[in-house]
Peer 1: 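Take this structure, written in structure tokens, and hold onto it; I'll ask about it next.
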Amino acid sequence: MKLKEKKNFQDMTNLKTFNIEKARELQRKIAKKVILYDDFLNPPQTVAGLDVSYKNKKAFAVAVILDYKNLKLLENKSISMDIKFPYIPTLLSFREVKPLSAVIEKLEIKPDVFLVDAHGIAHPYFSGCASHLGVSLDIPTIGVAKKKLVGDYNNPANKKGTWTLLKYQDQIIGAVLRTKKDCKPLFISTGHKVSLKSALKIVIETTKKYKHPEPLRLAHLLTKKVSTTKK
DNA sequence: GCGACAG
DNA sequence: ATCTTGTCGC
Ligand SMILES: [Mg+2]
């Protein structure tokens with residue numbers, strides 16, 4: 001898949017020269033570019049799932065594309081590269097956007113929407129990994145996280161499909177969705193070009209028998225398989 | 001100073 | 001995220 005050539009994403013993943021003020025500045029800049037309404041093929045025909053795993057100083061990124069209707073696997077790609085940035089809460093994008101961009105570039109099919117294993121705007125600077133990736137590559141993204149980073153919410157009822165709003169600083173930054181009974185809920189937020197309403201619809205429609213939506217479940221399984229195989 | 005803290 | 005076996009509950 002051809003990536004946006006325009007270089008509106010600075011490379012700040014060099015630890016030696018990393019500057020936290022510059023990083024926050026970039027996050028605020030990205031937040032301003034996030035599009036909160038729908039601007040993608042809706043309903044989508046294809047959905048991608050993205051995830052990254054780590055093993056021996058290496059990062060392994062996987063991208064899978066499923067048919068939106070039957071959730072069958074259409075394509076899957078993987079890449080590996082040296083870890084270039086440590087994990088620091090609120091700075092996850094500086095660790096994962098690089099490998100994710102690399103694997104997306106290898107895709108032959110251009111997915112209509114991407115599910116990312118991270119938050120979108122549900123971030124202290126409204127610039128989580130899903131938003132950072134979406135704005136940088138100009139692709140529609142949805143953030144799907146297993147735990148909250150910021151915000152307050154009421155626990156959704158213990159029934160599949162129920163959800164509550166995630167609020168932060170008097171703003172709605174996402175939703176807390178129960179994707180499976182007796183399982184902890186997932187945190188859904190706009191990444192880029194997908195409204196919260198559509199994000200919820202897409203996550204619900206791509207979640208079948210398990211807690212996670214199929215694209216992310218498959219991407220996660222594959223990324224672990226790849227990391228233990230290619231070591 | 002203390003607690004929270006995506007992957 | 002990663003390191004890991006058994007164990008509890010639907
Ligand atoms: Mg992950």
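Lettering of chains follows the sequences in order, A, B, ..., and the numbering in each one begins at 1.
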Peer 1: What integer distance in Å separates A:K211:NZ from C:dG9:C1'?
Peer 2: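 My rounded result for the distance is 16 Å.
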Peer 1: Check the distance between B:dG7's C1' and A:K224's NZ and give it to me in whole angstrom.
Peer 2: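 Distance, rounded to whole Å: 13 Å.
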Peer 1: Testing the basics here: between A:E96 and A:D117, what is the closest heavy-atom pair and its distance to 0.1 Å?
Peer 2: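 Closest heavy-atom pair between A:E96 and A:D117: OE1-O, 4.5 Å.
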Peer 1: Between A:D38 and A:S195, is there a side-chain donor-acceptor contact under 3.5 Å, judged purely by atom types and distance?
Peer 2: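 A:S195 vs A:D38: donor-acceptor pair found between side chains.
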Peer 1: Does a nitrogen or oxygen in the side chain of A:K146 sit under 4.0 Å from OP1 or OP2 of C:dA1?
Peer 2: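 For A:K146, the contact criterion (side-chain N or O under 4.0 Å from OP1 or OP2 of C:dA1) is met.
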Peer 1: Looking at the side chain of A:A145, which of B:dG7, B:dC5, C:dT2 is the nearest nucleotide?
Peer 2: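 Of B:dG7, B:dC5, C:dT2, B:dG7 is nearest to the side chain of A:A145.
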Peer 1: Which listed nucleotide (B:dA6, C:dC10, B:dC5) is nearest to the side chain of A:D182?
Peer 2: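 Within the option list, the nearest is C:dC10.
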Peer 1: When the distance from NZ of A:K98 to C1' of B:dG7 is rounded to whole Å, what number comes out?
Peer 2: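 About 19 Å, once rounded to whole Å.
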Peer 1: Taking only side-chain N and O atoms of A:K55, does any of them lie within less than 4.0 angstrom of OP1 or OP2 on C:dC3?
Peer 2: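 So the side chain of A:K55 is within the cut-off, an N or O lying under 4.0 Å from OP1 or OP2 of C:dC3.
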Peer 1: Let me know the distance between NZ of A:K184 and P of C:dC10, rounded to the nearest Å.
Peer 2: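 Rounding to the nearest Å, NZ of A:K184 and P of C:dC10 are 18 Å apart.
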Peer 1: How close or far is atom C1' of C:dA1 from atom CG of A:D51, stated in whole angstroms?
Peer 2: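 So the two atoms are 10 Å apart, to the nearest Å.
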Peer 1: Is the phosphate of B:dG7 approached by A:H119 (side-chain N or O, under 4.0 Å from OP1 or OP2)?
Peer 2: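 No, outside the criterion.
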Peer 1: Would you check if A:V34 and A:I121 make a side-chain contact, meaning some heavy-atom pair closer than 4.5 Å?
Peer 2: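 Sidechains of A:I121 and A:V34: in contact.
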Peer 1: Can you tell me how far P of C:dT2 sits from OH of A:Y54, to the nearest Å?
Peer 2: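 Going from A:Y54 (OH) to C:dT2 (P), I get 9 Å.
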Peer 1: Provide, to the nearest angstrom, the distance between the NZ atom belonging to A:K58 and the P atom belonging to C:dT2.
Peer 2: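 The answer, rounded to whole Å, is 16 Å.
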Peer 1: Can you tell me which nucleotide in C:dA1, B:dC5, B:dG7 comes closest to the side chain of A:S53?
Peer 2: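 The nucleotide sitting nearest to the side chain is C:dA1.
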Peer 1: What is the nucleic acid contact for A:L91, judged by heavy atoms within less than 4.0 Å: base, sugar-phosphate only, or nothing?
Peer 2: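 Touches a base.
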Peer 1: Look at atom CG of A:D170 and say whether more than 12 heavy atoms of other residues, nucleotides or ligands are closer to it than 6.0 Å.
Peer 2: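 No, the 6.0 Å shell around CG holds no more than 12 heavy atoms from other groups.
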Peer 1: Any side-chain heavy atom of A:Y54 sitting closer than 4.5 Å to one from A:Y87?
Peer 2: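 Result no, sub-4.5 Å side-chain heavy-atom pair not found.
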Peer 1: Which is true for A:Y87 with a 4.0 Å heavy-atom rule: it touches a base, it touches only sugar-phosphate, or it touches nothing?
Peer 2: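 Contact class for A:Y87: base.
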Peer 1: Rounding to an integer number of Å, can you tell me how far A:N56 CG sits from C:dT2 P?
Peer 2: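 To the nearest whole Å, that distance equals 11 Å.
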